[in-house]
Amino acid sequence: MHRTGVPPSRFTFSSVLNACARLPAILEGKQVHKRLIQSGLLPNNKIVETTLLDMYAKCGFLDDARSIFDAMVHKDLVAFTTMICGYTKMSRMKEAIDMYMEMRAREVKISDVAIVGALSACTQLGDAELATTLAADVGRLCRGRGVFVWNALIHMHAKCGSLDLARKEFNAMKERDVITYSTMITALADHGQSQEALSMFQQMQNEGLRPNEVTFISILNACSHGGLVKEGCESFELMTSVFGIRPLAEHVTCMVDLLGRAGQLERAYNLVMENVELANDPGIWGAFHAACRLHGDVEMGEMAARKLGEMDPEDPGNQVVLASGYASNSDWQAAEKVRKMISGKGTKRSPGCSWISG
DNA sequence: ATAGGGTTAG
């Protein structure tokens, strides 16, 4: 642009800053910031200033974003919204809520996007009292609310302890999408309603919505929570054969957890081997290790512990796993006794054969 | 003529 002798305009600056935000690329962003100051275009240009603060926010430099925000003369709803969402994304929930409250106090028009950012912050906080306040705001401020707002509201209610309110909002919706259903399925699973989660999944398909990979993480998680082995296996099969979704590590982890908890360690192991391209995922082996431990299978457990150690030797969690895997057979034996006492039955695979006392 | 903000799993 300098070769032609045409200086960059404010449009050029906001376009390039937007690109830096999306990459993200903080070094380039800072270079552009310098040029912007030199250009003299900056003062009193809300849009360029907001793009600049969004660039810093998206690159994770919230304090720099905040300095730009504080220096802005006219802070409008987009500037506030950008800060709220930036804080929320970086898990700085309190600051996100403070920013939202300031927006409210200053009587800046509250946008749907700002509400969604605040709802998301509250979701992560799990603050039931704040949830009540925000839900009232949604009622007052979001008249023709879009599906984004509904989904965020449902998610917040569920995470803040009120499955009933989440359900109520869900039932009041006219148009639901895949995210609505995935959110509700997780909510039901988290509240121990695994069967209802499965009905939700059915209802979703009846509405003609196509489940995606996240939906299947939700549904497998629901099956795992509820110990629904048959349903979980059927869902996994449905995902791969009917919907053609290649399993992610998260899906396999859910399945290993499900089968492993039910004591079907061999099936769990076979599943991992069938998806061997995922076999260097620590989550999968972590779930497998936990299952071995639960069922007192020391040999398989040590194998899983070694895998974990190979994958990430520096991880302190894996060091603990390795140490406990090798050292505490007696703990496992004790755990197995307790498990038998609770279930009142012997184990099918008699894992006791591999125990060597002392 | 051209430019700025978003939800879902664990």
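In what follows, chains are A, B, ... by sequence order, proteins preceding strands, each numbered from 1.
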Polar pair under 3.5 Å, donor/acceptor by atom type, side chain A/Ser111, base B/dG5: yes
Which nucleotide wins on minimum distance to the side chain of [X], given the candidates [options]?
| X | options | value |
| --- | --- | --- |
| A/Thr81 | B/dA9, B/dG5, B/dA3 | B/dG5 |
| A/Phe148 | B/dG6, B/dG4, B/dT8 | B/dG6 |
| A/Ser218 | B/dG5, B/dA9, B/dT7 | B/dA9 |
| A/Val149 | B/dA3, B/dT8, B/dG6 | B/dG6 |
| A/Val116 | B/dG4, B/dT2, B/dT7 | B/dT7 |
| A/Thr186 | B/dG4, B/dA9, B/dT8 | B/dA9 |

Scan for salt bridge (charged side-chain N to carboxylate O under 4.0 Å, His left out) pairs involving residues 120-130 of chain A, sequence neighbours excluded, and state none if there are none. none
When you measure from the side-chain N and O atoms of [X] to the phosphate of [N], is any distance below 4.0 Å, counting only OP1 and OP2?
| X | N | result |
| --- | --- | --- |
| A/Lys58 | B/dG6 | yes |
| A/His155 | B/dT7 | no |
| A/Asn151 | B/dT8 | no |

Inter- and intrachain pairs under side-chain hydrogen bond (donor to acceptor under 3.5 Å, both in side chains), touching residues 237-246 of chain A, at least two apart: A/Glu237-A/Ser241
Within residues 208-216 of chain A, find the residues that approach DNA chain B with a heavy atom at under 4.0 Å, and present them sorted by residue number. A/Val214
Taking every non-hydrogen atom, the tightest pair across A/Gly117 and A/Thr88: O-OG1, 3.2 Å
What I want to check is whether the side chains of A/Tyr100 and A/Asp137 have a donor and an acceptor closer together than 3.5 Å. yes
Do the rings of A/Phe61 and A/Tyr56 sit parallel, tilted or perpendicular, given the 30° and 60° boundaries? perpendicular
